[in-house]
Amino acid sequence: MIKRPQSEEMKAKQNKIVTNAVRALLYEVSVQPKPGLVDPVSSGPHPDMDVFTFLDSSVSLTAYFKACVQTAWSFNDEATLPTLFEQIRPLGIQAEATMFDATSGINTHKGAVFSLGIVVTATAYAESHDRQDVFKIVKEMLVGLVERDFSKVTEKAENEMTAGEREYVHFGITGIRGEAEHGYLTVTQVALPQLSTARGTLNERLLDTLMAIVGHSVDTNLVKRAGSIDIIPWANDQVSRYFLAGGSRTEAGMAYLKQLNQVFLEKNLSLGGSADLLIVTIFVALSQGII
Ligand SMILES: CC(C)(COP(=O)(O)OP(=O)(O)OC[C@H]1O[C@@H](n2cnc3c(N)ncnc32)[C@H](O[C@H]2O[C@H](COP(=O)(O)OP(=O)(O)OP(=O)(O)O)[C@@H](O)[C@H]2O)[C@@H]1O)[C@@H](O)C(=O)NCCC(=O)NCCS
Ligand SMILES: Nc1ncnc2[nH]cnc12
């Protein structure tokens with residue numbers, strides 16, 4: 001690993017990336033009312049956690065983001081970008097343990113540790129290696145991820161599989177890994193354009209962005225809680241009805257969202273994966289000055 005001289009300007013750039021990552025986690029949990037998710041008013045279908053669990057989890061991940069940034073900043077130019085992913089993966093495993101320590105074993109941000117860690121690393125690499133397209137770097141880092149991660153999944157017993165692995169075997173859903181390996185297209189082609197054009201308060205803009213994400217991605221948490229892939233077209237239909245009602249800036253749109261909150265609670269449906277894509281979207285929007 002090359003130790004590059006750390007000018008004050010470089011330290012400021014590194015610190016801004018870390019700060020934006022933690023802000024993204026804090027902003028996401030603050031948005032309300034979110035169906036199927038924890039916010040300051042309601043824990044929704046997550047009786048084991050509340051907004052304070054997420055605040056503790058978010059702050060606990062600061063050191064992880066610093067380590068990702070420093071790893072990218074000092075990455076050897078001769079090495080290829082899959083090596084950079086290999087270098088941050090143990091950091092992410094450690095961060096998962098740190099998160100579980102901070103939350104007394106509750107899974108708040110496991111997916112976000114993966115997704116935000118990768119995008120923070122790619123952002124730091126872009127800034128320190130004179131590259132522009134963060135998500136092209138992400139794709140170069142993760143080439144072959146789905147095939148590699150699922151290569152031996154059928155050798156596992158059903159009860160040893162994670163939700164994502166089980167859904168890959170049964171439905172061919174690639175979940176977070178597919179989203180990541182393709183460079184987070186839901187973020188770049190749906191969420192960021194939605195956030196950039198949305199009007200209203202930041203809360204209203206982020207609510208519309210979350211709903212756009214729900215309508216354009218396959219959230220493995222949602223499928224897991226529902227026990228069926230049929231929940232995805234149902235969720236897409238709810239999103240269409242929300243935007244047809246006018247979205248977050250209309251009384252009808254907000255009334256629809258609040259009744260949807262109740263439906264997600266009654267059906268015990270989680271949108272944990274969609275929340276993570278919102279977190280990544282907020283981080284990029286903060287980095288680019290969109291919000
Ligand atoms: C690749 C890993 C994420 C591991 O994957 P794994 O197979 O262990 O987990 P999955 O079941 O595949 O899902 C992982 C989480 O990813 C989020 N997610 C789901 N769908 C998507 C999507 N389409 N796009 C992006 N992200 C997605 C989601 O994470 C969030 O939800 C969790 C909280 O929701 P909840 O319903 O409460 O979940 P649980 O508590 O688990 O269930 P209940 O009991 O409550 O019902 C939370 O994690 C959010 O972040 C999915 O859960 C990666 O971790 C990995 O490779 N791990 C190995 C070690 C490693 O290398 N780590 C470091 C990587 S840098
Ligand atoms: N606000 C939230 N509620 C539940 N799961 C989440 N994962 C990430 N953010 C979340």
Side-chain angles (χ1 to χ4, degrees), residues 24-40 42-51 53-55 57-58 61 64-65 67-68 71 84-100 103 105-121 141-142 145-146 148-150 153 156 160-169 173-182 184-187 191 206 210 213-214 216-227 232 264 268-282:
L25 296 174
L26 298 175
Y27 278 33
E28 179 280 317
V29 74
S30 304
V31 177
Q32 64 91 20
K34 295 192 298 283
L37 294 167
V38 172
D39 64 40
S42 161
S43 291
H46 301 277
D48 56 345
M49 42 188 171
D50 62 18
V51 64
T53 323
F54 279 86
L55 298 180
S57 179
S58 303
L61 294 173
Y64 166 57
F65 296 130
C68 286
T71 302
L84 179 54
F85 177 55
E86 286 165 18
Q87 288 180 1
I88 66 160
R89 208 148 198 193
L91 302 177
I93 292 172
Q94 175 53 51
E96 280 178 24
T98 303
M99 174 199 80
F100 282 120
T103 63
I106 302 297
N107 174 16
T108 44
H109 287 125
K110 181 182 171 193
V113 163
F114 179 77
S115 291
L116 190 53
I118 287 164
V119 178
V120 160
T121 303
M141 287 170 68
L142 302 182
L145 174 72
V146 169
R148 202 167 47 246
D149 266 25
F150 289 137
V153 69
K156 282 186 162 184
E160 290 173 339
M161 291 181 190
T162 65
E165 290 170 332
R166 202 172 302 119
E167 289 169 31
Y168 177 74
V169 168
I173 297 175
T174 56
I176 187 171
R177 295 172 178 83
E179 182 75 40
E181 187 173 357
H182 286 96
Y184 292 97
L185 293 176
T186 304
V187 172
L206 291 176
L210 172 65
I213 289 168
V214 175
H216 290 84
S217 60
V218 179
D219 186 328
T220 58
N221 290 99
L222 183 60
V223 176
K224 172 186 65 181
R225 293 285 190 98
I232 297 302
F264 271 73
N268 193 39
L269 297 176
S270 164
L271 286 172
S274 308
D276 284 355
L277 292 176
L278 181 61
I279 289 167
V280 170
T281 303
I282 294 169

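Ligands are counted one by one from 1 in listed order, and the atoms in each one are counted from 1 as well. The analysis underlying the following values was restricted to heavy atoms, covering all of them including side chains, and did not include hydrogens, waters or symmetry mates. Position 1 is the first residue of the sequence; numbering continues from there.
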N or O contacts of ligand 2 with protein under 3.5 Å, please list pair by pair.
from, atom 1, to, atom 2, distance (Å)
ligand 2, 1 (N), Glu28, OE1, 3.4
ligand 2, 1 (N), Glu28, OE2, 2.9
ligand 2, 1 (N), Val38, O, 3.0
ligand 2, 3 (N), Val38, N, 2.8
ligand 2, 7 (N), Thr108, O, 3.4
ligand 2, 9 (N), Glu28, OE1, 2.9

At under 4.0 Å between heavy atoms, is it the side chain or the backbone of Ile106 that contacts ligand 1, or both, or neither? neither

At under 4.0 Å between heavy atoms, which part of Ser270 makes contact with ligand 1: side chain, backbone, both or neither? side chain

Hey, does Leu222 sit under 4.0 Å from ligand 1 if you only count heavy atoms? no

Would you say Asp48 and ligand 1 have an N/O pair spaced under 3.5 Å apart? no

Of Tyr184, Phe114, Phe150, the residue with the heavy atom nearest atom 64 (C) of ligand 1 is Phe114

Contact between Lys224 and ligand 1, counting heavy atoms under 4.0 Å? yes

Parallel, tilted or perpendicular for Phe54 and His109, by the 30°/60° rule? perpendicular

Contact check: Ser115 vs ligand 1, nitrogen or oxygen atoms, below 3.5 angstrom: no

Heavy-atom contact check, 4.0 Å cutoff: does Glu167 meet ligand 1? no

Atom 13 (O) of ligand 1: which of Thr220, Leu271, Leu116, Leu145 has the nearest heavy atom? Thr220

Verify the distance criterion only: is there a donor paired with an acceptor across the side chains of Glu179 and Thr186 at less than 3.5 Å? yes

Side chain, backbone, both or neither: which part of Thr108 has a heavy atom under 4.0 Å from ligand 1? backbone

When you measure from the heavy atoms of Ala112 to every atom of ligand 1, does any distance fall below 4.0 Å? yes

